[in-house]
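Here's the structure, in structure tokens; my notes come after.
Model, not experiment: these values are computed from the prediction. Throughout, residue positions are numbered sequentially from 1 according to the sequence presented.
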Amino acid sequence: HGNAGAGVVLGGGASVLLERNTLRDGAGAGLLVEIGGGGGVARRNAIHGHAGSNVQLSGAGSALLLERNDIHSGRGVGVLVRGGGAVLRANQMHAHALAHVRLVEAATGCALEGNSIRGGDDCGVALVRCGALLLARNTIARTAKAGVLAHGTGMGMGSTGQAGGGGVG
């Protein structure tokens, strides 16, 4: 709670299982996966209130499965993936100052499946210059801007996904 930097930092090829933890109110990211590989699984955690992104993954070779986490109330982006790969499955995301999920130049094969993304001061999901990815069975509602904003991205949308608020922009 209230760390001066990130709550948890993974790098240099580290691969871990983070399960049933609370990461909150830090000055940096809640969970930071850095360049050089690394990642693992983050499951059933409460990650909220960070000044940076609640979850940030950066760099080729980094990969993360985020599953059944409660990620909310961040002062930055909820989940930021820049250049790595991630699967976000069955997470609850709400009340972020910036996008709930932002993928920038993310690896092909990223997926957002069965997430609930609600409210917030920006868009639900922002996709910028990403490889092919899957959006399926997500509920995106009551966002201040577009539900999904895609620019220069190959995207497949599942037939059961719902976008509320701004829809797909």
Side-chain angles (χ1 to χ4, degrees), residues 1-104 106-107 109-127 133-143 158 160-162:
H1 304 293
N3 296 306
V8 174
V9 179
L10 303 176
S15 183
V16 300
L17 169 62
L18 290 171
E19 191 164 22
R20 299 183 190 269
N21 297 285
T22 298
L23 306 172
R24 66 172 232 209
D25 303 324
L31 172 57
L32 176 60
V33 181
E34 295 184 313
I35 295 171
V41 177
R43 182 180 295 128
R44 294 190 170 129
N45 298 288
I47 306 171
H48 55 89
H50 293 277
S53 301
N54 276 326
V55 177
Q56 181 174 330
L57 181 122
S58 300
S62 299
L64 186 64
L65 168 61
L66 288 170
E67 188 172 53
R68 297 183 183 195
N69 297 287
D70 186 15
I71 304 169
H72 66 89
S73 304
R75 290 170 272 167
V77 174
V79 177
L80 174 61
V81 177
R82 186 179 303 271
V87 174
L88 283 68
R89 185 177 300 131
N91 297 287
Q92 301 288 320
M93 292 177 262
H94 55 93
H96 288 98
L98 300 176
H100 293 290
V101 178
R102 183 178 309 262
L103 303 178
V104 180
C110 286
L112 282 77
E113 301 176 87
N115 298 287
S116 175
I117 300 171
R118 299 182 183 280
D121 298 332
D122 203 325
C123 62
V125 178
L127 308 168
L133 60 100
L134 172 68
L135 294 176
R137 298 178 312 281
N138 298 288
T139 299
I140 304 170
R142 297 187 309 274
T143 57
T160 59
Q162 301 174 10

Give the table of side-chain donor-acceptor pairs shorter than 3.5 Å for residues 73-88, with sequence neighbours excluded, one pair per line with atom names and distance.
from, atom 1, to, atom 2, distance (Å)
R75, NH2, G49, O, 2.9

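- The shortest non-hydrogen separation linking S15 to G40 is OG-CA, 3.8 Å.
- Looking at I140 and L135, their side chains never come closer than 4.5 Å, going by heavy atoms from C-beta outward.
- Annotation: ring pair (Phe, Tyr, Trp, His ring centres under 6.0 Å) contacts involving residues 10-29, sequence neighbours excluded, are absent.
- Here the closest heavy-atom approach between residue R102 and residue D122 is recorded as NH2-OD2, 4.0 Å.
- If you take CG on L31 and CD1 on I71, they are separated by 9.0 Å, rounding to the nearest 0.5 Å.
- Atoms CZ and CZ, from R68 and R43 in turn, are 8.5 Å apart once rounded to the nearest 0.5 Å.
- For C110 against A106, the heavy-atom pair with the smallest separation is SG-CB, 3.8 Å.
- Interatomic distance, H48 NE2 to N45 CG, rounded to the nearest 0.5 Å: 10.5 Å.
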Practice prompt. Please step through side-chain contact (heavy atoms from CB on, under 4.5 Å) for the pair R118 and T139, ending with a clear verdict.
Written response: CA-CA 8 Å; R118 299 182 183 280; T139 299; 3.5 Å; yes
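- Closest approach of N138 to G114, counting heavy atoms only: OD1-N, 3.4 Å.
- N115 CG to R137 CZ: the interatomic distance, rounded to the nearest 0.5 Å, is 10.0 Å.
- Taking both residues in full, the closest heavy atoms of G7 and N3 are given as CA-ND2, 3.3 Å, listed atom of the first, atom of the second, then distance.
- L57 is not listed as a side-chain neighbour of V55, based on a closest heavy-atom distance of 4.5 Å or more.
- Atom CD1 of I47 is separated from atom CZ of R24 by 14.0 Å, given to the nearest 0.5 angstrom.
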Name each donor-acceptor pair under 3.5 Å that joins a side chain in residues 92-99 to protein atoms two or more places apart or in another chain, with its distance.
from, atom 1, to, atom 2, distance (Å)
H96, ND1, H100, ND1, 2.8
H96, NE2, N54, ND2, 2.9

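- In this structure, A42 and N69 approach most closely via the heavy-atom pair O-ND2, 2.8 Å.
- With values rounded to the nearest 0.5 angstrom, L64 atom CG is found 11.0 Å from E67 atom CD.
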